[in-house]
Amino acid sequence: VNVGDVNVGDSSAGHGSADSVNAGAATPRHSLGPDRVLLVAAGIASVAALPILTDDAVIRASALYSADAGYFDAERVGLFERLVATMSFSINSLRSQRASEEARVRLATSEERFRALLEHSADAIAVSDSHGRLEYLSPSFHLATGEGARPDNVTGLFEPADAEVV
């Protein structure tokens with residue numbers, strides 16, 4: 001958190017100094033350099049800036065300005081920190097929701113392709129669960145076997161003598 005007062009100081013070189021101190025610290029943290037002149041011209045006397053964080057990086061900084069010197073006390077800085085933390089959380093949440101939706105779309109696309117492959121394959125295809133219960137028989141399976149009835153279990157697809165091996 002960078003918080004501080006913009007000092008008018010000597011601006012003859014156009015690069016005077018500005019104290020921007022870490023909240024609670026007593027020494028300057030950063031200089032605003034040439035921007036100090038613009039801030040003074042705009043009537044800005046105090047500045048507070050906080051990073052907006054995502055899971056992996058700082059993506060922006062949020063800054064507040066005041067015409068009153070010393071405006072950003074511990075209470076105001078605390079409120080600003082909570083606001084920026086909420087913004088960061090919201091951005092992370094939106095990014096997570098977007099990633100989840102993109103994954104759902106990719107999964108649906110993959111399922112559609114797989115289903116089209118199964119439905120249009122010339123090979124007879126049977127899909128079963130880990131207990132041998134049939135979950136799917138392709139149209140070509142029915143064409144190849146000529147069966148209209150669907151067996152309950154994968155062993156029902158074979159002759160009784162072969163079913164023991166399966």
Undergrad: Considering only distance and modelled atom types, tabulate donor-acceptor pairs under 3.5 Å from the side chains of residues 110-123, sequence neighbours left out.
TA:
residue: E119; atom: OE2; partner: Y136; partner atom: OH; Å: 2.7
residue: H120; atom: ND1; partner: A116; partner atom: O; Å: 2.9
residue: S121; atom: OG; partner: D123; partner atom: N; Å: 3.1

Undergrad: Kindly say whether S96 contributes a backbone atom to a donor-acceptor pair with the side chain of S100 at under 3.5 angstrom?
TA: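 Present.
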Undergrad: Can you name the residues that form a salt bridge (Lys or Arg N to Asp or Glu O under 4.0 Å) with D129, not counting sequence neighbours?
TA: R133
Undergrad: Show which residues join L94 in its hydrophobic cluster (side-chain heavy-atom contacts under 4.5 Å, direct or indirect), or state none.
TA: none
Undergrad: Mark yes or no for whether S46, through its side chain, and G70, through its backbone, hold a donor-acceptor pair below 3.5 Å.
TA: yes
Undergrad: Under the side chain to side chain donor-acceptor pair (under 3.5 Å) rule, collect the residues that match up with R76, sequence neighbours excluded.
TA: Y71
Undergrad: Enumerate donor-acceptor pairs with a distance under 3.5 Å from any side-chain N or O in residues 58-66 to protein atoms, sequence neighbours excluded.
TA:
residue: S66; atom: OG; partner: D68; partner atom: N; Å: 3.0

Undergrad: Can you pull out every salt bridge (charged side-chain N to carboxylate O under 4.0 Å, His left out) where at least one residue sits in residues 92-107? Sequence neighbours excluded, please.
TA: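 Qualifying pairs: E101-R104.
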Undergrad: Determine whether L53 and V84 fall in the same hydrophobic cluster, where Ile, Leu, Val, Met, Phe, Trp and Tyr are linked whenever their side-chain heavy atoms lie under 4.5 Å apart.
TA: no
Undergrad: Who are the side chain to side chain donor-acceptor pair (under 3.5 Å) partners of S88, not counting sequence neighbours?
TA: none
Undergrad: Can you name the side chain to side chain donor-acceptor pair (under 3.5 Å) partners of S140, sequence neighbours left out?
TA: S138
Undergrad: Same cluster or not: are V77 and L83 linked, directly or through other Ile, Leu, Val, Met, Phe, Trp or Tyr residues, by side-chain heavy atoms under 4.5 angstrom apart?
TA: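 Looking at the clustering, L83 is in the same group as V77.
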Undergrad: Check side chain to side chain contact (heavy atoms under 4.5 Å, CB included) between A85 and all other residues, then give those that pass, not counting sequence neighbours.
TA: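 Not a single residue meets the side chain to side chain contact (heavy atoms under 4.5 Å, CB included) criterion with A85.
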Undergrad: If two hydrophobic side chains count as joined below 4.5 Å and joins carry through other members, does F141 share a cluster with I125?
TA: no
Undergrad: Main chain of V105, side chain of T109: is a donor-acceptor contact present, judged purely on distance under 3.5 Å?
TA: yes
